[in-house]
**Q** 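I am attaching a structure below and will ask some questions about it afterwards.
Per chain, numbering begins at 1; letters A, B, ... match sequence-line order.
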Amino acid sequence: MSDEEHHFESKADAGASKTYPQQAGTIRKNGYIVIKGRPCKVVEVSTSKTGKHGHAKCHFVAIDIFNGKKLEDIVPSSHNCDVPHVNRTDYQLIDISEDGFVSLLTENGNTKDDLRLPTDDNLLTQIKDGFAEGKDLVVSVMSAMGEEQICALKDIGPK
Amino acid sequence: MQGFPGAMPDAGQLQSTLIAIERACSSIQMHMNPAEAEKIIISLRQSTMPYHTCRFILENSKMPNARFQAAGAIGDAAIREWGMLTDEDKKGLILFCLHYTMEHASAANAYVQLKVSAVAAQLVKRGWFDFVEAEKINILLEVKQAILGIHGSDVQFAGINFLESLVSEFSPGTSTAMGLPKDFHDQCHLSMELNYLKEFYCWAQSAAANAVDRIVGGYASASEEKVCSKALHFMFQILNWNFQKSSSALDYSNNKSNLASSGIRHDVVQLRKFERSLVEPGPLWHDALLSSGHTLWLLNFYATLRQKNSSDVLWFDFPLAVSARQLILQLCSLTGTIFPSDNGEMHIKHLIQILSAIIDWVEPPNIVPGTLRSGRSESEMVDGFHALLSMATLTSTMLFDNLLRSLRPFGTIHLLSALTCEVVQAHASKNDDEQTWTSEGLDILLEIWTVLLGRTGNEKKLSAESIASASNLFNTVVESHLKAAAESAFEDDSDADYFHVSVSKRDETLYAYALIARASIETTATFLTKLFTERFALLSQHNERWDPTQTLEELYWLLLITGHVLTDPGEGETVLVPEAIQDGFAGVSDELQHPVVVLSWSIINFARQSLDPEMRKMYFSPRLMEAIIWFLARWVDTYLMPIDATKGHLGTSGHDEEQQQDSQPSKRFLLSFAGQNQGQIILDIIVRISTSTLTSYPGENELQAFTCRKLLVALVRRRHVCLHLVALESWRDLARAFANERSLFSMNSRLQRSLAETLVSAASSYKDLEISNQYVRDLMGPMTAHLVDISNRNDLKAVAQHADAMYMVSCLLERLRGASRATQPRTQKSIFEMGYAVMSALLTLLELYKNQSTVVYLILKFAVDFVEGELAFLNAKETSILVNFCLRLLQIYSSNNIGKISLSLSTSLQSEAQAEKYKDLRALLQLLTNICSKDLVDFSSDSNEVGSTDIAEVIYVGLHIVTPLISLELLKYPKLSCDYFALVSHLLEVYPEKVAQLNKESFAHIIRTLDFGFQHQDADIVDKCLRAVNALASYQYKEKTAGKEGLGANAMSSEESNGEFQESILRYFLRLLLQLLLFHDFRMELAGSAADALLPLLLCEQDMYQRLVQEFLDKQSNPAIKTRLASAFSALTSTNQLSSSLDRPNRFKFRKNLQIFLTETSGITSII
């Protein structure tokens, strides 16, 4: 296949669209989808037909990856759905500031200071406790459609 | 009170226990603090010698629940303390229970009496071999007198109740385990069958007979009717007994041949479906059931009652009517040596006798459904069908048909056909919702047809009348279903999984219809062609404004039924043209006139219309295409270049032709019309249709799945078909499109995997090895190149996370995976090249996509399939390349995932993340297991080469990497833990010497998981853990006796901070295992592996074992138990000349010892 055919030939992040159209029939469980303008993870797909001799349609049950709300959608399976670009980046945790922001070390040595701690108490304590114990923590930040959130935590241990 | 065990507590104590139990029972009922209440009741059940207390409660409590619990407590305690009770005590308890039920026979709350009689039955069984015969007879005599009605009908009822409990206690399926080995239960079963069962039957019969006279006379009381139906039900239960003795008692192999000529079948073992069985009580029962006129008596009784109550629509469901019919059905299913060897005469007479009675239940066919609609219960009709099914099972098809001829001017099959017509029509019309009887009735009727027509050879010969009836029936079936299809065409397809969920049920029905059709295939094939052509013509006549939906749905149904008529399902077998179709059509002399050929062509021509875009758009809906693809897949398997035909064509010698001329021409036409020449044309059409479903039906996953997984798979299944396939331009086009064009990327990625698998499979048809491999290279080369390209991009990091890039990578991975699954010896080389080419790309991608679980999973699964397909063929160098790749994969995965906690607001996302992790780990374990297999299966030529990779080494490195990822939490997933423990026990058994080399942490981790596995619910997993411990301990023992280090430091101590393994590991397991055996509800099926594990442990740690035994004994306060336990322990190690070796005979002896030990100790220790 020649290189020109790569349809994801788009430039890097800047100006790139936040979603990509993909045929509904090819979206599988555990994939991503945009429903009602929100980036979601598909937890269930079922297909049915419109009338016995009609065309197939897909019924998606999905969960908003940022706020955990459940959303549903029905799309004819030959139509395109928007699929969000979901990025996950690892950063080392440098500091937790008193006003609820974290300070993260990016790959090129800069810091990223615009991310809030999660509001959920449970998640908050996991991060805070780990940090307080002096562990070397790496946080994964999930970003999609202009939103960002800490989604995973890893103790890389003493180096 | 004579022989009541235990000391008598004082009155105050009795009263207070009574109150406590009553209070507990009522609080359970009201759901107030149930845990506390249960504790009180359990304490009663577990206390020593609670008999007096229980008796007091039984006799004095006003609360039925409390009495119920007291009865249960007597049973529990007596079974537990059986060894400590005297014979007098035992008898006393049994008689007490028995008398209690008799005295309270008329009391309310029958469940208490039932429980008491169940307890009595249990105790009788427990002591079955302890009592002398006279004692048993004494007890049973009392019951007999009760049943014969000396003490009135209530006591009669109680007596039958007791016998019912007794019989079910003695049947293996319903018995209580009582901690006794299977052997005991088997002996009880046999003893009951030989000595008592028939006698019980006769008692019940005379009880019923007494009541019957009064019932028929019309002056019976309600309780007498109750006794009668109870007695009949009990007789039915006895005939349900799983008779053992009789089946082997008489050898009828020598008279089998002449019996077969009579049409009575002896080879049948059971009635399929519907949970009913044939009754084979053996010759001893001849007098009771046959010669005494018992059957006739029962039939007459039912007929008289039926006539008397004919106006009462509810009567058919009364217990008396139901039990009588059940018993009749059971008698109808009699078979075996109970009938004398008189050429089946008596058996046939018996069947006709029953048939003459049950015919009233189902005749006349057109009236019965009508009366059912007017409110009569269908139970009698359904029972009548069941009786017909029994008869059909027991007789040859011809004899079955003739049974009715002495009573009616037509045969049984004619009646059956008329009945089926009625039920099918009623079923298909589905006017009212309450017609569940139609589906139940239809099920049974179709089962009868399947039994009658599914036979081979002479046994299914039909008379001309039967063939006409079958043809008639099939016409009715098709017409009513077509009507139903047309009516349902506009319904919304609510059950989306129509093709999956109810598919097996529907196929079963269609299969039965197909058998009926094949019985009269000469007319039905033409009939189907006619219907099909009519509808096909309708489509082409009409213009755009006409709505074809109804016709499409009719065509859909016709395709399904035609597929079933013309072909057999043959999952995984070589499919042949159905016998009936091969043998039929004797008069056909022209290939083009052969009805099956005509029918096949008309469907293929119809399917070909779908290639025209206009036609496709207007008429070929996805659903219709699904049916077409399904039909073609089955048709290809059966008719396209069938095996016999290729033989004829390939062999050019005259010998083959002679053979061909022998067979009748019609059969030859069937095998040759889709042979080499026509076959290629058809093959080409089918490939083009497949390609068009893949490209012209975007998003129709269901249809495309049928194409990829059924039709294309059927095309590449046989090599000689494949040979033609790969030569076709249309196939090459498909392969080219797959390799080089984008269009197929828009299919669901999972289907792309199947497609890749199928396309690669076709390579094996090339004769030349190099061409095969080149074919695969052409097909997969572009994929690997593309994947490598992606991984080498400069801007990869920025682009990779985009949805489109991820989608592309996923598709490519799925395709590679599909190709690896199709690995065959002929293509192994090129597939390995394919995998080798992407190895480094995959590692890059794994690192890059570490946070995208879907991609990670695909990479792991590719590795699993690749290793599975390739490993056995690889030489040393290639093996080490592959193994290194796998290790790198494991390392990267592990470094990215170890210690990672995912955080999420949503619990469902959290559990999704957990499930993904679990799937990954399963894939990793499968990978390791697959690598293991290199040691077992190795086809490579140079296995002795120097420098070959040590697989064991690799596995342990892998295990080092994987074990930290496996948490005890994850082991709760059954599949994962099954894989994990299978791997661990395999490793410990095969390479115990490597254990010593593991580092302390990993070793401790494995041991911890084993410890966890021991507490697992799943017996299979406990078994695997036992095997693992056995391997560990045996290794250690062998090494020690040889004076080596063995497990070394690992075994000696592991100073866990939490103090879990303070002692050495073997000692720890020794203690654990003993505790498991003594104090838990140990499952007897694990006794063998437990013995195997215990023996080496106790040989390794003799001192420890002695100490533990002493410890257990010291804990016993009850001297009687203590003595028994001590002797059981000493017998365990000293009897049977047990030696201190680990060879097979010695292990076997120890297994026996442990079994005895467990029987001896079970129960007494479980309450300590």
Side-chain angles (χ1 to χ4, degrees), chain A residues 1 3 5-8 10-13 16 19-20 22-26 28 30-32 41 43 46-56 58 63-70 76-79 83-88 90 118 120 123 126-127 140 142 150-157, chain B residues 488-497 548-549 552-553 556 621-624 697-704 740 742 746-750 782 785-786 789-790 795 798-799 801-805 807-808 850-854 857 897-909 912 916:
Chain A
M1 200 174 299
D3 229 25
E5 275 178 309
H6 294 181
H7 55 117
F8 53 94
S10 55
K11 324 104 223 156
D13 265 342
T19 61
Y20 165 74
Q22 189 178 325
Q23 193 201 82
T26 63
R28 286 163 50 173
N30 290 331
Y32 295 106
K41 183 175 182 128
V43 290
S46 54
T47 54
S48 54
K49 289 191 168 71
T50 35
K52 272 201 169 134
H53 290 274
H55 290 282
C58 297
I63 293 172
D64 189 318
I65 54 174
F66 290 117
N67 64 24
K69 288 213 175 78
K70 190 168 156 187
S77 66
S78 59
H79 287 207
V83 175
H85 297 312
V86 179
N87 234 320
R88 289 172 201 240
D90 287 353
D120 184 83
L123 309 189
Q126 292 200 50
I127 297 179
S140 294
M142 174 171 66
I150 294 177
C151 70
L153 185 66
K154 201 172 125 182
D155 177 7
I156 51 172
Chain B
S488 71
F490 293 105
E491 283 169 17
D492 214 14
D493 188 16
S494 52
D495 48 337
D497 304 316
T549 311
L552 295 185
E553 188 60 20
Y556 175 83
S621 74
R623 181 176 161 92
L624 186 59
Y697 288 87
E700 298 293 342
N701 287 339
E702 203 72 39
L703 171 60
Q704 293 176 343
N740 300 312
R742 328 202 34 83
S746 64
M747 268 164 55
N748 191 308
S749 56
R750 219 176 305 188
H786 198 168
D789 272 357
I790 292 177
D795 59 346
V799 170
Q801 307 291 333
H802 283 190
D804 45 347
Y807 180 66
M808 182 54 77
K850 61 185 174 193
N851 287 320
Q852 302 289 4
S853 55
T854 45
Y857 182 66
N897 285 283
I898 214 158
K900 183 166 162 180
I901 312 163
S902 17
L903 308 171
S904 177
L905 272 174
S906 136
T907 47
S908 53
L909 280 184
E912 286 291 317
E916 274 161 13

**Q** Using heavy-atom distances under 4.5 Å, tell me whether A:P84 contacts chain B through its side chain, its backbone, both, or neither.
**A**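 Looking at A:P84, just its backbone touches chain B.
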
**Q** Taking every heavy-atom pair that is under 4.5 Å apart, which of A:G54, A:G31, A:G25 has the most such pairs with chain B?
**A**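 So the answer, after comparing A:G54, A:G31, A:G25, is A:G25.
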
**Q** Would you call the rings of B:Y556 and A:H53 parallel, tilted or perpendicular if under 30° counts as parallel and over 60° as perpendicular?
**A**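 Taking A:H53 first and then B:Y556, their aromatic rings stand perpendicular (interplane angle over 60°).
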
**Q** Answer with side chain, backbone, both or neither: which region of B:T854 has an atom nearer than 4.5 Å to a non-hydrogen atom of chain A?
**A**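 Interface part for B:T854: side chain.
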
**Q** Kindly indicate whether the side chain of B:D804, heavy atoms from C-beta on, has any atom under 4.5 Å from the side chain of A:Q22.
**A**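 Answer no - side chains too far apart.
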
**Q** What option among A:D64, A:V43, A:T26, A:V83 has the most heavy-atom pairs under 4.5 Å with chain B?
**A**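 Option with the greatest count: A:T26.
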
**Q** Is the side chain of B:E700 donor-acceptor paired with the backbone N or O of A:A56 at a distance under 3.5 Å, no angle test?
**A**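 Yes.
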
**Q** If you round to the nearest 0.5 Å, how far is CD of B:E553 from NZ of A:K52?
**A**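 It is 4.5 Å, given to the nearest 0.5 Å.
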
**Q** If you count heavy-atom pairs within less than 4.5 Å of chain A, which of B:Q704, B:M747, B:Q801 leads?
**A**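 Of the options given, most contacts go to B:Q801.
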
**Q** Using a cut-off of under 4.5 Å for heavy-atom pairs, which of A:R28, A:H55, A:K70, A:M142 has the most such pairs with chain B?
**A**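 Answer, by heavy-atom pair count under 4.5 Å with chain B: A:R28.
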
**Q** If you round to the nearest 0.5 Å, how far is OG of A:S77 from CD of B:E702?
**A**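 B:E702 CD to A:S77 OG: 10.5 Å, rounded to 0.5 Å.
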
**Q** Taking B:Q852 for the side chain and A:V86 for the main chain, is one N or O donor matched with an acceptor at less than 3.5 Å?
**A**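 Side chain of B:Q852 to backbone of A:V86, a donor-acceptor pair under 3.5 Å: yes, one is there.
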
